[in-house]
Amino acid sequence: MSGRRLHVQASRLRAQLDTRALAVLDTLYRFRLLTTAQVQRLYLVSGVPGSRIRRTQYLMKRLQTLALVVRLSRVIGGVRAGSSGFVYGLSALGQAVLDVSGPAGGRRRRVWETTPYFQDHMLMVAELYVGLREAERQGQAMLLTFTSEPGCWRHFTGSGGELVVLKPDAYVRVGFQAVERRVFIEVDLATESLPTIVRKSARYVAYWRSGVEQQRAGVFPQVVWLVPDQHRLQNIQRALGSLAVEASGLFEVALIDAGPRLLMAPPELEEKPDHSSSRPPP
DNA sequence: ACTTACCACATGGTTTGTAA
DNA sequence: TTACAAACCATGTGGTAAGT
């Protein structure tokens with residue numbers, strides 16, 4: 001399909017979508033993949049409980065019929081019992097619809113033909129976002145920013161003068177009454193080796209030492225590793241122990257299920273050593 | 001066009017039953 | 001006791017129908 005034609009079709013489609021449908025597409029753009037259940041938890045929270053999911057299915061089916069989303073694999077007979085729902089990604093047309101109103105930005109993304117691991121990882125990042133939105137709905141904290149890849153990437157110059165790219169899974173700002181928490185998120189599914197974890201973490205330390213983020217944003221975010229189970233949590237904590245002592249306070253490791261609760265809870269004010277404003281000696 | 005209710009279907013893990 | 005099979009269960013989805 002040629003660009004011009006696509007654009008015309010996208011404009012026409014956009015006109016007949018309501019704000020909720022557009023929001024779904026936009027969120028799909030940000031996270032690349034979403035499950036039906038996640039869409040429901042984000043955008044169909046009112047009404048009779050039993051019918052919410054049904055309405056979500058109706059909505060997603062409509063978007064699929066319009067070729068705005070693509071439906072990926074479905075695992076039936078899931079982990080314990082029952083099925084997992086469908087997983088949706090944005091189609092090229094869906095992306096074009098977002099482009100209509102301006103810079104949806106980056107290059108086209110392809111969500112299908114991806115490995116199960118990447119799918120799981122993307123869905124976990126999305127899951128964290130959904131969890132944070134739900135926590136926000138009930139709690140006092142506000143989710144000010146949730147930037148996923150690649151928007152949350154950071155570029156800086158390493159000690160050898162080389163260009164380094166830091167690739168967190170997400171950058172999160174949570175607002176409380178007077179204070180604000182900023183966090184880089186690393187979602188870990190226990191698929192990477194501990195040396196890889198350490199290497200990634202060292203890159204955060206290098207970025208911290210560069211002072212770029214502090215200059216840009218005033219503070220350096222905490223780096224939170226979210227892991228699937230207790231065993232992995234201990235392993236990563238131990239691995240992080242090998243990093244420079246003064247950098248250890250940068251990191252926190254937590255269970256991924258506890259992620260939203262942790263991030264939306266007001267920070268205790270006494271706190272550990274403050275890395276945010278101070279630059280370490282060269 | 002959208003919402004809601006109801007029921008059947010698909011399917012793998014879990015449990016229970018049975019034979020070796 | 002072990003090994004395998006049948007029955008059961010959980011869960012999201014789809015169709016349909018009726019209501020708004």
Side-chain angles (χ1 to χ4, degrees), chain A residues 8-98 100-101 110-135 137-138 148 187 189-191 226-232 255-261:
Chain A
V8 170
Q9 191 182 0
S11 302
R12 199 172 42 225
L13 271 172
R14 187 187 172 86
Q16 56 179 278
L17 294 174
D18 58 9
T19 54
R20 182 168 61 192
L22 286 171
V24 171
L25 294 182
D26 186 58
T27 307
L28 221 34
Y29 175 79
R30 291 174 61 192
F31 296 101
R32 312 181 68 169
L33 295 177
L34 291 173
T35 65
T36 308
Q38 286 171 338
V39 172
Q40 182 265 305
R41 288 157 63 200
L42 284 173
Y43 297 114
L44 290 104
V45 291
S46 64
V48 183
S51 84
R52 288 176 198 167
I53 200 68
R54 205 71 191 78
R55 283 151 62 206
T56 312
Q57 289 167 344
Y58 180 78
L59 169 65
M60 295 314 287
K61 178 157 192 180
R62 203 157 44 92
L63 292 178
Q64 192 200 12
T65 305
L66 294 171
L68 295 170
V69 301
V70 290
R71 197 142 77 173
L72 307 187
S73 60
R74 178 187 175 204
V75 181
I76 299 182
V79 182
R80 245 190 102 259
S83 320
S84 75
F86 280 118
V87 174
Y88 292 91
L90 199 59
S91 72
L93 180 59
Q95 205 169 114
V97 164
L98 294 176
V100 168
S101 67
R110 218 159 257 270
V111 289
W112 47 98
E113 300 166 25
T114 174
T115 68
Y117 165 70
F118 280 123
Q119 284 191 18
D120 288 349
H121 191 262
M122 287 186 258
L123 287 174
M124 277 320 257
V125 175
E127 181 63 25
L128 177 67
Y129 174 72
V130 174
L132 287 172
R133 280 285 177 231
E134 286 180 327
R137 217 171 283 139
Q138 324 169 325
S148 53
V187 173
L189 297 181
T191 52
L226 294 176
V227 302
D229 55 61
Q230 198 67 39
H231 184 243
R232 181 70 172 176
L255 293 178
I256 191 152
D257 298 335
R261 211 169 348 110

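Please read these numbers as outputs of a predicted model, since none were measured by experiment. Residue numbers begin at 1 in each chain, while the letters A, B, ... track the order of the sequences.
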Quiz item: For the pair made of CG in Leu17(A) and C1' in dA1(B), what is the distance, rounded to whole Å?
Solution: 14 Å
Quiz prompt | Residue Phe86(A), side-chain heavy atoms: nucleotide from dT13(C), dT4(B), dC2(B) that is nearest | solution = dT13(C)
Quiz item: Under 4.0 Å: is that the gap between some side-chain N or O of Arg54(A) and OP1 or OP2 of dA5(B)?
Solution: no
Quiz item: How many Å lie between CD on Gln57(A) and P on dC2(B), as a whole number?
Solution: 16 Å
Quiz prompt | Nucleotide nearest Arg55(A) (side chain, heavy atoms from C-beta), chosen from dT3(B), dT13(C), dC2(B) | solution = dT3(B)
Quiz item: Can you tell me how far CG of Leu59(A) sits from OH of Tyr88(A), rounded to the nearest 0.5 angstrom?
Solution: 9.0 Å
Quiz item: How would you label the contact of Arg52(A) with the nucleic acid (heavy atoms, under 4.0 Å): base, sugar-phosphate, or nothing?
Solution: nothing
Quiz item: Does the side chain of Tyr43(A) pick up a donor-acceptor pair with the side chain of Thr27(A) at under 3.5 Å?
Solution: yes
Quiz prompt | Nearest-angstrom distance from the residue atom CD of Gln40(A) to P of dT11(C) | solution = 15 Å
Quiz prompt | Length of the CD1-P vector between Ile53(A) and dT4(B), whole Å | solution = 13 Å
Quiz item: Tell me: CG of Leu59(A) to C1' of dA1(B), nearest whole Å?
Solution: 13 Å
Practice problem: Please report, rounded to the nearest Å, how far the P atom of dA1(B) is from the CZ atom of Arg20(A). | Solution: 16 Å
Quiz item: Is Lys61(A) near enough to dC2(B) that one of its side-chain N or O atoms lies under 4.0 angstrom from OP1 or OP2?
Solution: no
Quiz item: Rounding to a whole Å, what distance do you find between Tyr58(A):OH and dC6(B):P?
Solution: 20 Å
Practice problem: Please state whether the phosphate of dG14(C), meaning OP1 or OP2, lies under 4.0 angstrom from any side-chain nitrogen or oxygen of Arg71(A). | Solution: yes
Exercise. Assess the side chains of Arg41(A) and Gln38(A): does a donor N or O sit below 3.5 Å from an acceptor N or O?
Key: no
Quiz item: Got a donor-acceptor contact below 3.5 angstrom from the Ser148(A) side chain to the Arg30(A) backbone?
Solution: yes
